[in-house]
Number of protein chains: 2
Amino acid sequence: MKYLARSPKEVGHAIREARKARKLTQKDLAIRSGVWQETISKIENGLSGTKLETIFDILSALELEVTIDNRSKGSSTSLEDIF
Amino acid sequence: MKYLARSPKEVGHAIREARKARKLTQKDLAIRSGVWQETISKIENGLSGTKLETIFDILSALELEVTIDNRSKGSSTSLEDIF
DNA sequence: ATAATTTATGATCCCAAGATCATATTGACA
DNA sequence: TGTCAATATGATCTTGGGATCATAAATTAT
């Protein structure tokens with residue numbers, strides 16, 4: 001599955017989905033990522049802003065990668081239109 | 001352009017590239033994103049871990065989006081092989 | 001329903017991120 | 001080369017993230 005994340009909260013959601021898809025408990029993920037289970041819980045529920053570093057630790061443990069790309073075209077005015 | 005980011009440092013790099021591609025100064029980006037120029041400088045140079053929130057503020061100002069996906073196949077052992 | 005596992009919460013401590021201001025360094029360019 | 005814009009660095013202060021431990025609540029299994 002592929003997740004488009006527009007906010008830290010959505011990143012947390014993606015993490016939860018991916019973790020479940022891999023049938024890992026928060027504890028399992030905690031061990032594999034070096035991030036505490038309590039912290040993972042908070043991140044998955046969007047209860048904490050998070051450090052990027054921590055997110056990468058988790059994503060890496062889930063074998064997920066991050067792609068940064070231009071916002072999918074369509075709708076609204078782009079920077080090019082403005083400048 | 002599309003950036004694969006494996007670490008906070010690479011995110012910073014992607015941000016710098018995208019900012020330049022849009023011909024914006026750090027100051028411009030600071031104004032548009034609400035993040036301080038000094039902070040942007042540090043992030044672009046990987047001199048600071050960063051909060052996810054801040055990253056999204058910046059990416060959003062650059063009209064970039066984040067996709068989280070399974071690590072591109074190939075090489076190494078996957079979780080499925082292990083469990 | 002009860003026991004066991006998983007997830008959520010709550011508190012404390014430490015440390016680092018970011019705001020903010022000042023200034024140094026670098027880069028463009030007339 | 002001297003000036004102006006852009007970027008980097010450095011210090012202080014505040015706030016919040018995450019480690020850590022304890023435990024509550026919810027979920028799953030028996």
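Labels below follow one simple rule: chain letters A, B, ... track the order of the sequence lines, proteins then strands, and each chain is numbered from 1. Keep in mind that what you see is a predicted model, and the values were worked out from it rather than measured.
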Grab the [atom1]-[atom2] distance between [X] and [N] for me, whole Å please.
{"X": "A:Asp28", "N": "C:dT6", "atom1": "CG", "atom2": "C1'", "value": "10 Å"}
{"X": "B:Lys23", "N": "D:dA5", "atom1": "NZ", "atom2": "P", "value": "20 Å"}
{"X": "B:Ile58", "N": "C:dA17", "atom1": "CD1", "atom2": "P", "value": "14 Å"}
{"X": "B:Arg19", "N": "D:dA8", "atom1": "CZ", "atom2": "C1'", "value": "12 Å"}
{"X": "B:Glu53", "N": "C:dG18", "atom1": "CD", "atom2": "P", "value": "11 Å"}
{"X": "B:Arg16", "N": "C:dG27", "atom1": "CZ", "atom2": "P", "value": "11 Å"}
{"X": "B:Gln26", "N": "D:dA6", "atom1": "CD", "atom2": "C1'", "value": "7 Å"}
{"X": "B:Lys27", "N": "D:dT7", "atom1": "NZ", "atom2": "P", "value": "11 Å"}

_Generate the contact string for nucleotides 12-30 of chain D. Rules: B means base contact, S means sugar-phosphate contact only, - means no protein heavy atom under 4.0 Å._
-----SSSBBB--------
*Would one find a side-chain N or O of A:Asn45 under 4.0 angstrom from OP1 or OP2 of C:dA8?*
yes
[X] side chain near [Y] side chain, heavy-atom distance below 4.5 Å:
{"X": "A:Lys2", "Y": "B:Thr67", "result": "yes"}
{"X": "B:Ile55", "Y": "B:Ile43", "result": "yes"}
{"X": "B:Leu52", "Y": "B:Phe56", "result": "yes"}
{"X": "B:Ile58", "Y": "B:Ser33", "result": "yes"}
{"X": "B:Arg71", "Y": "A:Leu64", "result": "no"}

*Base, sugar-phosphate alone, or nothing: which one does A:Ser41 contact when heavy atoms must sit under 4.0 Å apart?*
base
*Step by step, work out the salt bridge (Lys or Arg N to Asp or Glu O under 4.0 Å) result for A:Glu44 and A:Arg19.*
CA-CA 10 Å; A:Glu44 289 189 351; A:Arg19 176 176 62 78; 2.7 Å; yes
